[in-house]
Amino acid sequence: MKQIKKIDSVEMYGVRLPLVKPFETSFSVQTHREALLLKIASDGVSGWGECVTAPDPYYCYETNATSSHIIKDFLIPILITLRNFSIEAVLEKFNRIRGHNMAKAAVENALLDLLARQQGTPLFRLIGGNDQKIMSGISIGIKDHMDDLLESIQGASDKKYHRIKIKIKKGKDLEVLKAVRKTFPSIRLMADANADYATEDIHILKQFDAFELMMIEQPLNYDDIYLHSFLQKQIHTPVCLDESIKNLNDAKTAVSLGSCKIINIKQGRVGGIMTSKAIADHCTDNHIAVWSGGMLETGIGRAVNIHLQTLPGFVLPGDTSETSRYFTEDIVDQPVVLEPDGFIKIPEGPGIGVRVLSKRLDRFKVFYEKIA
Ligand code: OSB
Ligand code: MG
């Protein structure tokens, strides 16, 4: 990969976009997407990166406040000292800061967008992906009423989403799955528990085998890998890890213990696109399927997830849905739309391919700061 000469400026924006519908998981109800955005400029070209953190530490320990602190006080001060550097060199320097992967990923994403734009090439090409359309997938939140859920699934199925994920939690699981399977016996279905079960609940999780799910995502504790290996031996449903996999080392541990058959790669959670690629390669070598997860991203992060899914190894549909499912107005053009066959096209043009709309950015902006 080519080099960046030196960083000329770094700007940070906070935006708050209302969600079309509240999104309920076993850990929270989200009504807005509050995102930190970075704009990094060099040699007259700028790149954008979205930090996937939320305002609260309910999915993981990082929040918008911690990532803003780490970006401003540690990552950018390192970045601005570098001259004629590669992305790999930046990531190497960032290694000194432990954890805070979402903060690191936001900077990495902006640098990759910048580099691709400087070369006039789309991001997927820069990272070694294939020129292809990607599969779509939808993640449907927990609903108070069964009718609501069935209606949402019907809508997604009509749109030709390639697989449907429903959020579950203890006590809102077996009955829900049974009703869904009764109405939709053959859809590609999976469930995401967001770490709501413990090893004492294995008798419940065993009963999931009756529903022929593609996988059960993160059934046990958010940072557990070891106990999942016992669970996977006792159930037929493939286990998919999300929260537990924070870096390549975690992925290697999970693969060698047999803790899962599938990994959900959220590029932000693992520290960016370069690490995602390394994890996907390791998983492919070991016959573990991967897919790209989502964090209700604005069009910036959503575009990154699309480019990411052109890499080898991303063989399962991810959590990339149409923009209109989340936002009536996004901060970028073009919005993500599904083709009649449910596929999604790679945004055209250099870098991530989408254009930040300055008027929208202004309207949804909750803060702005020039960091460098
Ligand atoms: O566990 O995959 C998850 C959203 C926020 C936090 C965690 C998760 C999710 C989703 C939604 O499932 C994925 C999306 O549509 O962006
Ligand atoms: Mg998940």
Side-chain angles (χ1 to χ4, degrees), residues 17 19-35 50-64 67 101-102 105 134-143 149 152-153 155-156 159 161-169 189-197 213-224 228 238-246 254 260 262-270 290-306 308-309 316-327 330 335-336 338 344:
L17 306 184
L19 292 175
V20 171
K21 280 188 203 146
F23 186 74
E24 181 171 349
T25 57
S26 64
F27 63 84
S28 80
V29 182
Q30 226 177 305
T31 57
H32 288 77
R33 167 75 186 133
E34 289 184 46
E50 172 172 354
C51 188
V52 301
T53 46
D56 48 60
Y58 304 146
Y59 167 80
C60 70
Y61 72 85
E62 291 190 81
T63 66
N64 288 343
S67 52
N101 288 338
M102 295 180 176
I134 64 134
M135 288 178 283
S136 62
I138 193 166
S139 173
I140 300 176
I142 295 170
K143 306 281 185 190
L149 177 61
S152 299
I153 296 176
K159 282 233 162 213
Y161 274 100
H162 293 117
R163 69 102 170 99
I164 293 167
K165 153 167 148 184
I166 63 170
K167 293 286 189 178
I168 54 161
K169 62 179 178 184
L189 181 68
M190 59 173 287
D192 187 356
N194 287 109
D196 209 39
Y197 299 85
L213 302 178
M214 293 172 76
M215 69 197 87
I216 162 96
E217 186 176 341
Q218 196 71 36
L220 307 179
N221 194 280
Y222 72 90
D223 64 355
D224 170 77
H228 278 96
V239 170
C240 168
L241 291 177
D242 172 355
E243 282 90 330
S244 303
I245 307 299
K246 296 173 294 297
C260 60
I262 299 167
I263 289 178
N264 166 349
I265 297 182
K266 285 182 183 163
Q267 65 84 22
R269 195 193 64 229
V270 300
V290 306
W291 54 274
S292 158
M295 293 289 282
L296 312 177
E297 290 92 342
T298 75
I300 296 177
R302 195 169 302 279
V304 167
N305 292 343
I306 294 174
L308 181 71
Q309 287 171 79
L316 290 169
D319 275 341
T320 310
S321 304
E322 287 197 310
T323 301
S324 61
R325 205 185 100 69
Y326 308 88
F327 313 113
D330 195 354
V336 175
L338 257 57
I344 294 169

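Heavy-atom basis, side chains included; hydrogens, waters and symmetry copies ignored. Here, residue 1 is the first one in the sequence, and each next residue gets the next number. Both counts, for ligands and for their atoms, begin at 1 and track the order of listing.
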key: Shortest-distance N, O or S atom of Glu217 relative to the Mg ion (ligand 2)   = OE2
ask   = Among all protein non-hydrogen atoms, which one is nearest to atom 4 (C) of ligand 1, and what is the separation to 0.1 Å?
value = Phe23 CE2, 3.7 Å
query = So does Lys159 have more than 12 non-hydrogen atoms from other groups sitting under 6.0 Å from NZ?
reply = no
task = Taking the six-membered ring of Tyr326 (Phe, Tyr or Trp), confirm whether the NZ or CZ of Arg302 is under 6.0 Å from its centre and within 45° of its axis.
result = yes
task = Would you check whether Glu243 has a nitrogen or oxygen atom less than 3.5 angstrom from a nitrogen or oxygen atom of ligand 1?
result = no
inquiry  = Surrounding OH of Tyr58 (heavy atoms of other residues, nucleotides or ligands, distance under 6.0 Å), is the total greater than 12?
reply    = no
task = For Lys167, take its heavy atoms, then give the atoms of ligand 1 lying under 4.0 Å from any of them.
result = 1 (O), 2 (O), 3 (C), 8 (C), 9 (C), 10 (C), 12 (O)
key: For atom 13 (C) of ligand 1, closest protein heavy-atom neighbour   = Gly294 O, 3.4 Å
inquiry  = Any donor-acceptor pair under 3.5 Å linking the side-chain atoms of Gln267 with those of Ser292?
reply    = no
query = Does Pro55 offer a backbone N or O that forms a donor-acceptor pair with the side chain of Glu34 under 3.5 Å?
reply = no
request  = Would you check if Pro335 and Phe327 make a side-chain contact, meaning some heavy-atom pair closer than 4.5 Å?
outcome  = no
inquiry  = I'd like to know if Gln218 contacts ligand 1, where contact means a heavy-atom distance under 4.0 Å to any ligand atom.
reply    = no
inquiry  = List ligand 1 atoms under 4.0 Å from Asn194, heavy atoms only on the residue side.
reply    = 1 (O), 3 (C)
inquiry  = Using a 4.0 Å heavy-atom cut-off, which part of Phe27 comes near ligand 1: side chain, backbone, both, or neither?
reply    = side chain
request  = For atom 16 (O) of ligand 1, grab the closest protein heavy atom and report residue, atom and distance to one decimal in Å.
outcome  = Leu296 N, 2.8 Å
remark   = Note: ligand 1 atoms sitting under 4.0 Å from heavy atoms of Tyr326 are 14 (C), 15 (O), 16 (O)
query = What atoms of ligand 1 come within less than 4.0 Å of a heavy atom belonging to Asp242?
reply = 1 (O), 2 (O), 3 (C)
query = Considering distance alone, does some N or O of Tyr59 sit under 3.5 Å from an N or O of ligand 1?
reply = no
query = Among Arg325, Lys266, Met295, which residue places a heavy atom closest to atom 3 (C) of ligand 1?
reply = Lys266
note = For Asp242, the N, O or S atom at the shortest distance from the Mg ion (ligand 2) is OD2
query = Salt bridge or not for Glu24 and Lys169, using N-O below 4.0 Å?
reply = yes
message = Taking backbone and side chain together, does Asp192 place any N/O/S atom at a distance below 2.8 Å from the Mg ion (ligand 2)?
response = yes
request  = Compare all side-chain heavy atoms of Ile262 with those of Met214 and state whether any distance is below 4.5 angstrom.
outcome  = no
Asn101 and Lys246: side chain donor to acceptor below 3.5 Å = no
inquiry  = Under a 3.5 Å threshold, yes or no: a donor from one side chain and an acceptor from the other, between Asn64 and Thr53?
reply    = yes
ask   = Under 4.0 Å from any heavy atom of Glu217, which atoms of ligand 1 are there?
value = 2 (O)
request  = Before signing off on this row, confirm whether Gln30 and ligand 1 have an N or O atom pair separated by under 3.5 Å.
outcome  = no
Modelled atom types, side-chain donor and acceptor of Tyr59 and Asp242, under 3.5 Å = yes
